[in-house]
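Notes follow the structure.
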Amino acid sequence: MKPTALALLMLATYTCANAEDIIISTDNTGLVYNIADNGRVYQKYFGKKLSNPSDYATIPNGPEIYITGGMEDYYEPALQINHADGNKSTLLTYTGHKTTTLPDGAQQTVISLTDKAYGDNVDVYFIAYPAQDIIKTYTVISNGENKPIEVEKYASSILHFANGDYYLTQFNGDWASEVNASETKLEYGKKQLDSKLGTRADMFCSPFFQLGLDSPADENSGELLVGTLGWTGNFRFTFEVDHKGELRVISGINPEASRRTLAKGESFTTPEFIFTLSDEGRGKASRNFHDWARNYQVYKGNDTRMTLLNNWEATYFDFDEEKLIKLIGEAKELGVDMFLLDDGWFANKYPRHSDTQGLGDWQETRDKLPNGIKALTEAAKKNGVKFGIWIEPEMVNPKSELYEQHKDWVITLPNRDEYYFRNQLVLDLSNPKVQDYVFSVVDNLMTKYPDIAFFKWDCNSPITNIYSNYEKMNQDHLYVDYVKGLYNVLERIQKKYPDLMMMMCSGGGGRSDYEGLKYFTEFWPSDNTDPIERLYIQWGYSQIFPVKTQCAHVTTWNNSTPVKFRTNVAMMGKLGFDIKLDDMSKEDADYCRRAIKNYNSFKPIILEGDQYRLVSPYEGNHAATMYVGKNDGDAVLFTFDIYPRYKQNISKSEAQVVMNGLNPKARYRVTETDRHDGNDQTIGEYSGEYLMTVGLPLFTLNRLNSRVFSIKKI
Ligand code: DGJ
């Protein structure tokens with residue numbers, strides 16, 4: 001890998017390195033800072049790790065570690081402080097640094113800086129995970145002055161690059177069309193990816209990016225930075241190319257309408273920016289993230305996940321106890337682990353028969369569920385399946401008893417008409433009383449029904465009518481305090497109910513970020529479950545999230561696709577069903593039962609193994625992804641034929657699926673399994689080298705055709 005060292009292109013704009021380098025490294029990456037003679041700290045190197053640390057010494061310094069506003073830099077700063085005397089400048093110099101090994105084995109380096117003129121302090125944290133090549137970084141900003149300060153910009157990270165070209169891949173879309181990938185070359189000036197939705201990071205723009213260095217990134221080759229912010233709220237990534245062609249990447253909370261006032265002695269901790277540098281393309285970067293996430297970040301990251309039957313698309317709001325108990329029976333018949341009751345089970349004064357009312361009133365609707373949730377948890381127990389339940393505790397319908405009793409808990413403008421997103425408003429989680437209430441929604445349910453094993457936690461509205469009754473004259477704190485309030489509630493739930501598994505849902509993929517995943521075991525990537533769309537959506541999320549966190553359900557969206565095709569797409573994630581067995585032919589229902597068994601047998605490979613994206617749906621008519629078990633294990637391959645044109649031929653090379661991740665020296669038996677007719681078919685025996693060099697002709701010209709192959713070592 002060519003070093004991303006700024007140094008090689010740097011002119012003598014910056015002071016020269018002195019003896020002291022601070023080296024942050026993983027197995028393959030080095031990030032080096034230098035304490036210069038003037039006491040300021042500069043990034044001198046970011047690239048492939050050099051095996052001899054003293055080799056970093058000769059590299060000249062690049063730009064500053066945490067560029068501050070009001071000084072000699074002409075581009076976007078990472079930090080902007082407005083001091084009480086009206087001065088807007090900050091100059092940070094080194095006061096110390098410390099490297100420690102954390103209990104989980106990660107290496108933490110803290111570089112401490114101070115502004116001598118004002119006494120404000122900034123600690124820059126780096127936490128390196130050597131084997132996964134992941135680094136997390138954030139800052140702690142402290143007011144050392146006698147008066148309050150306003151922190152106008154407070155990035156988590158600023159990284160500097162001096163490559164020839166930069167190619168940015170972003171992931172954006174809308175509800176039901178999340179994470180569409182597109183790549184653009186960055187030129188002089190600023191490009192920002194951000195969101196201002198308040199309760200979630202994403203609806204239009206996902207909080208992660210890929211940055212090809214020198215050339216566009218490929219799946220298996222090329223150097224790229226992949227980064228994401230762990231923050232379940234407004235984020236901003238700024239990519240700014242300056243007049244010298246150098247790039248800075250600034251990541252953090254979106255400072256828009258979020259100026260932070262810090263009282264004397266107060267500190268603010270920014271969220272973690274998490275990144276990896278790969279010299280083997282997007283595939284390697286994704287696997288770095290997947291491994292790290294399972295081992296260090298996602299709640300119960302190394303535990304398996306439950307298959308389920310959800311009733312949302314099977315019934316929507318139209319259900320009663322009898323219908324649900326029948327579905328619980330179907331869950332057992334299908335062979336899934338859990339039944340998940342969705343929206344529509346609560347409220348009495350304004351029963352939740354549609355999304356127009358009832359949100360906030362978390363008591364069972366008496367005429368739908370006369371025997372309460374208890375009858376359902378008992379039915380689940382009788383059928384040997386677990387029971388999960390949907391809640392949306394941060395929200396309220398104006399037509400609800402909660403709204404009537406606690407209008408002061410609602411985020412709403414006191415002097416304007418209310419504006420509703422999905423007929424609802426957001427509760428003010430900056431208020432500790434509201435935090436207690438949201439916690440009590442889960443706590444009350446768990447106390448009454450301790451057999452609840454799972455929550456689907458929904459959040460269907462961004463913050464609208466942006467005004468907090470609690471923050472009063474400090475409205476700029478609302479967006480950030482909302483998210484901190486949410487984490488406070490989630491922390492309490494996790495502490496009291498450590499066995500609970502929870503799905504993070506936000507009307508589709510709105511909530512999909514790594515801080516949220518510290519509390520949730522999985523997330524709902526999109527309300528769009530059309531399997532063709534899901535091929536793209538799952539491809540997008542897999543760039544950064546392991547498949548065990550991505551719920552994938554078989555539904556009736558686009559039921560012109562065979563049920564096997566729908567199921568095979570969902571088997572590539574955390575499999576669930578949201579469909580009535582009664583609506584299927586006997587053959588399809590039999591197929592589904594067998595597919596769940598197959599999935600269970602492949603689960604350790606799919607959920608814990610290494611994912612290799614082989615053929616992108618973006619490239620045309622086919623798609624293929626494979627999963628290889630850890631420690632040189634067996635593999636599973638999924639292939640999809642999507643839209644062949646009328647009379648189209650398939651060339652030999654187009655039909656060929658070249659595999660990845662196998663042991664070239666081992667021999668494998670390839671068998672087509674999970675067939676609709678239930679009969680496995682042997683394809684042949686091959687060396688790993690053959691499968692990864694020549695491949696097999698597995699794509700066909702059959703429209704909407706999907707195939708699953710077991711690749712077993714012999
Ligand atoms: C939006 C979610 O994404 C759906 O899966 C479903 O739970 C509905 N909300 C229920 O209102």
Side-chain angles (χ1 to χ4, degrees), residues 173-179 197 199-204 206 232 308-319 323-324 327 338-347 350-362 365 368 387-397 399-400 420-426 441-442 445 452 454-462 501-513 516 520-531 533-534 537-538 541 549-558 566 570 573-580:
D174 194 354
W175 173 81
S177 115
E178 291 86 351
V179 284
L197 299 157
T199 55
R200 47 167 87 173
D202 186 9
M203 175 151 70
F204 308 123
S206 292
T232 316
L308 60 83
L309 177 69
N310 185 197
N311 74 309
W312 176 240
E313 294 199 21
T315 64
Y316 292 103
F317 294 96
D318 180 20
F319 59 78
K323 262 196 196 174
L324 293 180
L327 280 171
M338 178 173 66
F339 172 75
L340 171 62
L341 170 60
D342 215 283
D343 193 358
W345 58 267
F346 50 87
Y350 304 104
R352 181 78 170 168
H353 55 56
S354 72
D355 62 16
T356 56
Q357 62 182 48
L359 256 192
D361 302 344
W362 298 103
T365 308
K368 268 186 179 173
F387 181 83
I389 194 164
W390 180 97
I391 50 172
E392 193 179 7
E394 298 158 74
M395 306 278 156
V396 66
N397 283 129
K399 245 178 134 183
S400 70
Y420 305 125
F421 189 102
R422 206 198 191 208
N423 312 304
Q424 64 197 56
L425 289 160
V426 180
V441 174
V442 172
L445 279 164
I452 293 176
F454 185 93
F455 280 93
K456 174 176 179 182
W457 180 304
D458 212 340
C459 161
N460 282 291
S461 176
M501 300 189 102
M502 299 207 288
M503 181 201 297
M504 166 159 80
C505 176
S506 191
R511 274 186 173 166
S512 39
D513 69 273
F520 291 89
T521 46
E522 54 221 66
F523 69 94
W524 182 237
S526 177
D527 277 348
N528 191 338
T529 46
D530 171 338
E533 295 301 321
R534 275 286 179 138
I537 290 169
Q538 291 172 199
Y541 283 115
T549 61
Q550 294 181 48
C551 303
H553 293 183
V554 179
T555 73
T556 50
W557 273 60
N558 192 358
R566 282 177 267 157
K574 206 221 87 170
L575 176 67
F577 287 77
D578 200 337
I579 200 166
K580 280 194 248 154

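Both ligands and their constituent atoms are indexed starting at 1 by order of listing.
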Report task. Could you pull out all residues at least two apart from F319 that satisfy ring-ring contact (aromatic ring centres under 6.0 Å, His included)? Result -> none
Report task. Check the angle between the aromatic planes of W362 and F346 and answer parallel, tilted or perpendicular using the 30° and 60° thresholds. Result ->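 The arrangement is tilted - the two ring planes meet at 30° to 60°.
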Requested in this report: Identify the two heavy atoms, one from R352 and one from T365, that lie closest to each other, and give their separation to 0.1 Å.
Outcome: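 Between these two residues, the closest heavy atoms are N-OG1, 4.4 Å.
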Query - All salt bridge (charged side-chain N to carboxylate O under 4.0 Å, His left out) counterparts of R200, not counting sequence neighbours - result: none
**Report entry** Gap between atom CD1 of I452 and atom CD1 of I389 - 0.5 Å precision
**Finding:**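 Here the interatomic distance stands at 5.0 Å.
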Report task. Would you please name every residue forming a side chain to side chain contact (heavy atoms under 4.5 Å, CB included) with E394, sequence neighbours left out? Result -> L429, W457, C459, Y482, L486, R511
Report summary line: The protein residues that pass the under-4.0 Å heavy-atom test against ligand 1 are W312, D342, D343, W390, R422, K456, D458, N460, C505, G507, G508, W524, D527
